[in-house]
**Q** 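What follows is a single structure, and I will ask about it in a moment.
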Amino acid sequence: MRPVIVQMDGSILLDVHHPQVEAARQVLAKFAELEKSPDHFHTYRVTALSLWNAAAAGHRAAELIEQLKTLSRYELPLPIVRFITETMDRYGILELRKGQHGLILASSDPLVLTEITHHKTIQGLVRKVLSDSAIEVPLLSRGAIKVALTKMGYPVKDLAGYTEGQPLSFALKRHLSDGRSFFLRDYQERAANAFHEGGALTGGSGVLTLPCGAGKTVIGLRAMELLQTSTLILAANVTAARQWIRECLDKTTLTEEEVAEYSGESKRTAPVTVATYQILSYRPRGQEDFPHLTLLSEHNWGLIIYDEVHLLPAPVFRVTAEIQARRRLGLTATLVREDGREDEVFSLIGPKKFDAPWKELEAEGWIATAICTEVRVTLTDIERRLYAQAELREKARIAAEAQRKDDAVVELVTRHKDESVLVIGQYVDQLQRIAARLNAPLITGSLRQKERERLYSAFRTGEIHVLVVSKVANFSIDLPDASVAIQVSGAFGSRQEEAQRLGRIMRPKAEGMLAHFYTLVAKETKDQEFALSRQRFLTEQGYEYQILDQEELVLQEVTQRQ
DNA sequence: TAGCTGGGAA
DNA sequence: CATCATCCCAGCTA
């Protein structure tokens, strides 16, 4: 009996109790996406995008099919084999190269070229047809045509090269100013190389996927060192922007003069400039153009780094489409976007160049070993009545705010009374209730920065051991680490949020210490569906959720005390 | 000039 | 699915 069942409809089932499950997961991760993760069989799906990423990474269809065959319990269905082969073969049919005037889109298959030149969207992006295997494309259409062709099912291999940008010489330090020595971890070096290798043509754009706390910034710095060029770094918020600046100054020979913050507060530019996504997309009311964006575009950047690329806002997509001649590096913990624009990230930033499995880093001790538990509570009779009568959108909220979750939180906090605990939730009302029950401070968006810092610092020193936090936890990178996180409610099935939250407890722990991640779910409600959907990402990374009813939680407590 | 508040955006 | 974040800017006070 082998661990994998490939079905006619394109889904792949993985038997999670099979001894070969880990090996199988590794093979599937190369070219398939996890879709559902119920108890016994996980469902993967092969998508065009997952296959093109595999192709861009150099995998061959024949090789993947061979590996799938050795895992498969039954003969592979022919339509699936054909889908994998045909989809992967499409990557590389179209190539974009530098021409004498503009760009040349070349096709190894004349029929494909005929098909696309008859397409309306493409016609608007093409300058002229040169032959039955090549068309000329204006330089400025480089991004737009890649997006359009990917959406049509023909991803483009972009070999048009990059602008070198203003040279900038600097190096990573071996010894930091406080005397510690500094080395890149093996996987950090491999990630930076994966981005850089391929030389002048393909080694210039792509996305690196790494867990929170794995040192993405350091990888970005290494990529900059490899390229020795003026760099624009885009971050999701000012705190993250300043973190980049601190890291540049701490770990490289760059001086304060050479690194600038470009944000609402400071408008300095320098050979290395760190800006927020939001300032790029700022447009004065009623106006057409983006003043900050225009100003930053005038610089001769050789590299643009997109931190948290999964958060890339729509206007930045447009900009990114126009700057295809600059090298682009995307960094993220999760490539999944709830808005489904993964294909645009693929087309405009580049294919996934590196993916560090969380479990692998856990085994090597770079991130903590985490135990994930889903605690199920029931609705009270009153809630149950309300729930039955409520409209669809109210249902979610009733379930998310279920009263008995409060009791469960108290149980869990008691259980971990000697550890640092973060309680994370979505609704401020609910969090206020819980904070009052626990007699713990609450941090939401309306609490001013000063006060937040005071609480963070008290938490860090152990003065307080429980902190209740709202969505601020998703963004603020200065939030201290904890060893226990309790998620009481979360955004509609957001996988990326779940990953961020688990990231809060991922910093390596002392010998033998484990990190605990609890997610509280109201039984037989919308809440349960959402939780399942959120958990998908982590299941794909190899985490398993232990499921516990609230009553069992109390029982365990009693047993442990005896 | 710095620091705060509130409105608006996406 | 809506909620709650964020950031940027303008305008105020001292």
Side-chain angles (χ1 to χ4, degrees), chain A residues 233-244 261-268 274-296 307-308 310-320 337-341 344 387 390-401 422-435 442-453 468-479 487-498 500-501 504 521-522 525-534:
Chain A
I233 300 166
L234 302 177
N237 57 43
V238 261
T239 323
R242 287 181 192 152
Q243 168 94 352
W244 273 95
E261 169 184 331
Y262 194 92
S263 71
E265 268 177 63
S266 158
K267 297 280 186 300
R268 211 163 67 80
V274 190
T276 55
Y277 284 132
Q278 246 166 309
I279 204 160
L280 283 194
S281 30
Y282 176 74
R283 177 162 51 170
R285 273 149 49 79
Q287 280 190 38
E288 279 281 285
D289 52 331
F290 300 79
H292 301 301
L293 171 66
T294 312
L295 190 131
L296 287 173
D307 190 20
E308 310 290 357
H310 59 281
L311 297 174
L312 209 66
V316 182
F317 271 118
R318 270 209 305 279
V319 182
T320 307
R337 296 177 63 100
E338 310 307 327
D339 66 1
R341 297 179 80 161
E344 289 186 45
Y387 188 85
E391 303 234 4
L392 202 64
R393 62 169 178 272
E394 283 174 78
K395 277 185 161 58
R397 178 127 191 193
I398 295 171
E401 296 201 273
L422 285 174
V423 179
I424 312 175
Q426 162 95 339
Y427 302 102
V428 172
D429 296 348
Q430 177 187 32
L431 293 171
Q432 275 166 346
R433 249 170 33 210
I434 291 174
L442 166 68
I443 299 180
T444 68
S446 59
L447 194 75
R448 42 168 129 304
Q449 209 61 45
K450 266 259 160 66
E451 194 59 12
R452 287 188 208 184
E453 274 160 30
V468 183
V469 291
S470 70
K471 265 174 86 163
V472 291
N474 294 9
F475 300 96
S476 67
I477 50 164
D478 48 357
L479 182 65
Q487 172 170 253
V488 294
S489 52
F492 169 80
S494 167
R495 289 168 277 176
Q496 109 33 38
E497 183 175 270
E498 187 104 338
Q500 293 280 356
R501 290 177 170 178
R504 286 289 157 214
V521 176
T525 65
K526 295 256 116 204
D527 213 29
Q528 204 162 352
E529 274 171 52
F530 295 167
L532 195 66
S533 148
R534 282 201 303 268

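Convention: sequence-line order gives letters A, B, ...; per-chain numbering from 1.
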**Q** For the pair A:Glu498 and A:Arg495, find out whether any cationic side-chain nitrogen is under 4.0 Å from an anionic carboxylate oxygen.
**A** no
**Q** Measure the distance from CG on A:Leu280 to C1' on B:dA10 and round it to the nearest whole Å.
**A**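 After rounding, the reported distance stands at 14 Å.
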**Q** Which nucleotide in the set C:dA5, C:dC1, C:dT6 lies at the smallest distance from any side-chain heavy atom of A:Val428?
**A**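 Per side-chain heavy atoms of A:Val428, the pick is C:dA5.
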**Q** Measure from CG on A:Leu311 to P on C:dC7 and round the result to the nearest Å.
**A** 12 Å
**Q** Among C:dC1, B:dT5, C:dT6, which nucleotide sits nearest the side chain of A:Leu392?
**A** C:dC1
**Q** Quick one: which of C:dA5, C:dT3, C:dC7 gets closest to the side chain of A:Val472?
**A** C:dA5
**Q** Measure the distance from CD on A:Glu265 to P on B:dC4 and round it to the nearest whole Å.
**A**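 Distance check: A:Glu265 CD to B:dC4 P gives 11 Å.
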**Q** Please report the distance, rounded to the nearest Å, between CD in A:Gln287 and C1' in C:dA10.
**A**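 Roughly 15 Å, once rounded to whole Å.
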**Q** When you compare the side chain of A:Phe290 with that of A:Val319, does any pair of heavy atoms fall below 4.5 Å?
**A**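 SC-SC contact between A:Val319 and A:Phe290 ruled out.
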**Q** Could you give the NZ-to-C1' distance, from A:Lys395 to C:dC1, as a whole number of Å?
**A** 14 Å
**Q** From C:dC9, B:dA9, C:dC4, pick the nucleotide closest to the side chain of A:Arg397?
**A** C:dC4
**Q** Please pick, from C:dC8, C:dT3, C:dC1, the nucleotide with the shortest atom-to-atom distance to any side-chain atom of A:Tyr427.
**A** C:dT3
**Q** Assess the residue pair A:Gln500 and A:Asn474 against the criterion (side chain to side chain donor-acceptor pair (under 3.5 Å)); give the C-alpha distance rounded to whole Å, side-chain angles, the decisive distance to 0.1 Å, and a yes or no.
**A** CA-CA 6 Å; A:Gln500 293 280 356; A:Asn474 294 9; over 6 Å; no
**Q** Should the pair A:His292 and A:Tyr282 be assigned to parallel (<30°), tilted (30 to 60°) or perpendicular (>60°) ring geometry?
**A** tilted
**Q** Is there a side-chain polar atom (N or O) of A:Arg285 under 4.0 Å from OP1 or OP2 of B:dA9?
**A**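 For B:dA9, OP1 or OP2 has a side-chain N or O of A:Arg285 closer than 4.0 Å.
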**Q** Please give, in whole Å, the distance from C:dT3 P to A:Lys471 NZ?
**A** 11 Å
**Q** Do other residues, nucleotides or ligands put more than 12 heavy atoms under 6.0 Å from the CD atom of A:Glu265?
**A**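 It does not: A:Glu265 CD has 12 such atoms or fewer within range.
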**Q** Ignoring backbone atoms, test whether A:Arg283 places a side-chain nitrogen or oxygen under 4.0 Å from the OP1 or OP2 oxygen of C:dC8.
**A**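 For A:Arg283, the contact criterion (side-chain N or O under 4.0 Å from OP1 or OP2 of C:dC8) is not met.
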**Q** Counting any heavy atom closer than 4.0 Å, what does A:Tyr282 reach on the DNA or RNA strands: base, sugar-phosphate only, or nothing?
**A**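 It contacts sugar-phosphate atoms only.
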**Q** To the nearest Å, how far apart are A:Asn474 CG and C:dT3 P?
**A** 17 Å
**Q** Once you round it to whole Å, what is the distance between P of C:dT6 and CG of A:Leu447?
**A** 10 Å
**Q** Taking only N and O in the side chain of A:His292, is any of them less than 4.0 Å away from OP1 or OP2 of C:dC7?
**A**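 False: A:His292 side-chain N/O out of range (4.0 Å or more) of C:dC7 OP1/OP2.
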**Q** Check every strand shown and say whether A:Lys267 touches a base, only sugar-phosphate, or nothing at a heavy-atom separation below 4.0 Å.
**A** sugar-phosphate
**Q** Does a side-chain N or O of A:Ser281 approach OP1 or OP2 of B:dA9 to a distance below 4.0 Å, or not?
**A**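 Answer no for this pair, as no side-chain N or O of A:Ser281 is under 4.0 Å from OP1 or OP2.
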**Q** So, does A:Arg452 get its side chain near the phosphate of C:dA5, meaning an N or O under 4.0 Å from OP1 or OP2?
**A**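 Checking A:Arg452 against C:dA5: no side-chain N or O falls below 4.0 Å of OP1 or OP2.
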